[in-house]
Amino acid sequence: MAENLSEQEIVRRHSLEEIRKLGIDPYPADTYEINVSAKGILDNYEKRKLDYQNVSIAGRIMSRRVMGNASFVELQDVTGRIQLYVKRDEICPGEDKTLYNQVFKKYLDIGDIIGVKGYVFTTKVGEISIHVSELKVLCKSLRPLPIVKEKEGETFDAFTDAEQRYRQRSLDLIVNPGAMEVFIKRSRIVNSIREFLNEKDNLEVETPVLQPLYGGAAARPFKTHHNALDMPLYLRIANELYLKRLIVGGFKGVYEFAKDFRNEGMDRFHNPEFTQMELYVAYKDYNWMMDLVEEMVEKVALDLHETTAIQVGENEINFKRPWKRMTMFEAIKTYAGVDISKMDEKELFETAKSLGVHVDEKMGKGKVIDEIFGEKAEPNLIQPTFITDYPIEMSPLAKKHREHEGLVERFEAICNGKELCNAFSELNDPEDQRERFEHQLELGEKGDEEAMVLDEEFLRAIEYGMPPTAGLGIGIDRLVMIMTNSHSIQDVIFFPQMRPKGEHSPTLKK
RNA sequence: GAUCUGAUAGCUCAGUUGGUAGAGCAUCUCCCUUUUAAGGAGAGGGUCCUGGGUUCGAGCCCCAGUCAGAUCACCA
């Protein structure tokens, strides 16, 4: 074991032992009372000096400048950093100078966690600091920390390696001042949505993650096994079919922030587990749902940024209501220059090929339309836009369009060239639903691995009768990416899935 | 899955035509009572991602692999 340790790790273990020998517990159990934050002091000290005569604060040592019998320390808490002025004769008022000379100077390191008490003052050079009168070791750190420094916006020795940041998120959060920001915003976005939906009298619910049949989306699932029941179970790819059963049961509006799992590729837009918020509201349709989505996302933007205009990459995106609305056919006509609304399957294939859109013989009519849209129209949709009325083949859970044959009452909101949410007037005709499932089974037999399976329990539920219902699924990770101008989904998920690597690979020990 | 790029000290990175492995910070030692990306001076620290190959000699060239990033394809 010991021979694997670096010099610095050995030194820190030695310091730990020395601290113990001096009778100091390097990992004390009792609470440390804190009455102030780093940011609080920096923001308010000038105005309210008297309030900072007896401060108590704890945090991590991020830098240290020892000047003999006086030292400067940067202490970091959750709000930021504050400088400490540690003077030997202040923390060691008697003859015994061990706490300063031994413990503080020799055995404490960058990365250790300490608690201090003292008063706030301004140094000669004008930096607001804490004059320390008491210092307590709260946690000894055994690994050296990357030292990131900043001056006038320039960063030195930044800990930027994306792989390291994702694999060691704790470290990322400690040393990169902006790292917490995105996750705090994520939490605020979720709160904002929850607040919005609760306000409108919807009920937050929880439905199974482990499902005997997976459904509600076109995707390949993760499969697992229940030992006692000796049966396969699937990690949910969506919770749609369960939430609709609750609507059958009589709830007016239900929603769930659901972790969904899809056994597919990973890239900057996809993580195998991701969060989706699904909402179902009885006696409403997709037009009503569009209004709701606009209102909700506008509120999220305002809650987060106090403006509806948000810079995302090179684009400024404005979520102010109302958003543009166009049918899928209109979008294709606008951006690809062809009117496909009256075309049969053969004409569609020819059109797709002439547009240079990748199609193959296995694709049905709906799939071809979707391909054309996805390649020609979607990337052009930067400002939030509702695309409505999708081909029926692609939407086995959506209600047939009240006017147009071959279409369903479905919309997606597209933003920055990517889908933001997906919604429809939910199919509540049980016989139609059964036929759609059967069609999916046929697709499955032809080798479509993402085809849905027939869920008899769900059919039984809607045979009792589900009121007309509007349903919505909105990708929370994607929304957070846009709202925080994050380039990759890995930047908005604390622990994105990574291939195990090296000696610390999480392997099962049996 | 495909293509391109990358992996060197705790961190950020250099490393020339193939010829003793480098810097800054961090660490260690000494000095120092208001410094600030780094107070001053000195010292130590390496599985050059892994495994083969070519060569008198490989961090560097060749082959295979691992992991990551970017782009593309599929999915939210």
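These numbers were taken from a predicted model, which means no experiment stands behind them.
A/D267 comes within 4.0 angstrom of a base, heavy atoms only. A/R88 comes within 4.0 angstrom of nothing in the nucleic acid, heavy atoms only. Across all strands, A/A218 comes closer than 4.0 Å only to sugar-phosphate atoms, never to a base (heavy-atom distances). Counting any heavy atom pair closer than 4.0 Å across all strands shown, A/Q8 reaches a base atom. Among the heavy atoms of the strands, none lies under 4.0 Å from A/H131. Contact annotation for A/V125: base contact, defined as any heavy-atom pair under 4.0 Å involving a base atom. Using a 4.0 Å heavy-atom distance criterion, A/K149 is classed as a sugar-phosphate-only contact. Using a 4.0 Å heavy-atom criterion, one finds that A/V66 contacts the bases of the nucleic acid, with or without backbone contacts as well. Using a 4.0 Å heavy-atom criterion, one finds that A/K367 contacts the sugar-phosphate atoms exclusively. Within 4.0 Å of A/G475, counting heavy atoms only, lies no atom of the nucleic acid at all. Within 4.0 Å (heavy atoms only), A/E450 reaches sugar-phosphate atoms of the nucleic acid but no base atom. Among the protein residues, A/F121 comes within range of the nucleic acid bases, having at least one heavy atom under 4.0 Å from a base atom. Base contact: A/D89 has a heavy atom under 4.0 Å from a base atom. Across all strands shown, A/N263 has no heavy atoms under 4.0 Å from either base or sugar-phosphate atoms.
Between the side chain of A/E74 and the base of B/rU36 there is no donor-acceptor pair of N/O atoms closer than 3.5 Å. Between the side chain of A/E163 and the base of B/rG69, no donor-acceptor pair of N or O atoms lies under 3.5 Å.
Distances were taken from every side-chain heavy atom of A/R65 (C-beta onward) to each of B/rU27, B/rC67, B/rA38; the shortest belongs to B/rA38. Of the candidate nucleotides B/rC75, B/rA68, B/rU33, B/rC75 has the atom lying nearest to any side-chain atom of A/R262. With B/rG69, B/rU33, B/rU36 as the choices, the nucleotide that has an atom nearest any side-chain atom of A/A70 turns out to be B/rU33.
At the phosphate of B/rU71, OP1 or OP2 sits under 4.0 Å from a side-chain N or O atom of A/R268. Contact annotation: A/R167 reaches the phosphate of B/rA68 (side-chain N/O to OP1 or OP2, under 4.0 Å). Look at A/Q490 and you'll find a side-chain N or O under 4.0 angstrom from OP1 or OP2 of B/rG69.
For the C1' atoms, the distance linking B/rG24 with B/rA37 amounts to 11 Å, nearest Å. B/rC60 sits 10 Å from B/rU50 when the P atoms are compared, rounded to a whole Å. To the nearest whole angstrom, the two C1' atoms, one in B/rG57 and one in B/rA41, are 39 Å apart. Taking atom P on both nucleotides, B/rA14 is separated from B/rU8 by 10 Å, rounded to a whole Å. B/rC75 and B/rG1 have their C1' atoms separated by 14 Å, with the value rounded to a whole Å. Separating the P atom of B/rU27 from that of B/rG59 is a span of 31 Å, rounded to the nearest Å. Across B/rG15 and B/rA70, the matching P atoms stand 24 Å from one another, rounded to whole Å. The gap from the P atom of B/rA23 to that of B/rC4 amounts to 36 Å, rounded to the nearest Å.
Between the side chain of A/Q211 and the backbone N or O of A/P208, at least one donor-acceptor pair lies under 3.5 Å.
Side-chain contact check for A/M67 versus A/F72: some heavy-atom pair is nearer than 4.5 Å. Within the 4.5 Å cutoff, side-chain heavy atoms of A/L472 are placed close to those of A/M277. Within the 4.5 Å cutoff, the side chain of A/V368 has heavy atoms near those of the A/L348 side chain.
A side-chain donor-acceptor contact under 3.5 Å links A/H131 and A/Y119. Donor-acceptor pairing under 3.5 Å is recorded for the side chains of A/Y100 and A/S71. Remark: the A/D389 side chain and the A/Y286 side chain contain an N/O donor-acceptor pair separated by less than 3.5 Å. A donor-acceptor contact closer than 3.5 angstrom is absent between the side chains of A/R60 and A/Q76. No hydrogens or angles considered: a donor-acceptor pair under 3.5 Å links the side chains of A/E9 and A/S6.
Distance A/N271 CG to B/rA68 P: 12 Å, rounded to the nearest Å. As rounded to whole Å, 16 Å separates atom P of B/rG10 from atom CG of A/D109. For A/K418 and B/rC74, the NZ to C1' distance is 10 Å, given to the nearest whole Å. Rounded to an integer number of Å, the gap from CZ of A/R499 to C1' of B/rG65 is 13 Å. Rounded to whole Å, atom C1' of B/rA68 lies 10 Å from atom CD of A/Q164. Atom pair A/F159:CZ and B/rG10:C1' shows a separation of 11 Å (rounding to whole Å applied). Across the protein-nucleic acid pair, A/I489 atom CD1 and B/rC75 atom P stand 16 Å apart, rounded to whole Å. Spacing between atom CD of A/E419 and atom C1' of B/rC75 amounts to 10 Å, rounded to whole angstrom units.
Partner assigned to B/rC28 is B/rG42, using Watson-Crick or G-U wobble distances below 3.5 angstrom. Under the Watson-Crick or G-U wobble criterion, with both distances below 3.5 Å, B/rG51 is paired with B/rC63. Shown here, B/rG19 forms a base pair with B/rC56; the pair counts as Watson-Crick or G-U wobble because both key distances fall under 3.5 Å. The partner of B/rA68 is B/rU5, judged by Watson-Crick or G-U wobble contacts that both fall below 3.5 Å.
Checking A/T160 against A/Y85, the closest nucleotide of RNA chain B that is more toward the 5' end is the one next to A/T160. Map A/P146 and A/E264 each onto its nearest nucleotide of RNA chain B; the residue landing nearer the 5' end is A/P146.
Taking the 5.5 Å centre cut-off and the 30° plane limit, the aromatic side chain of A/F269 is not classed as stacked on B/rA76.
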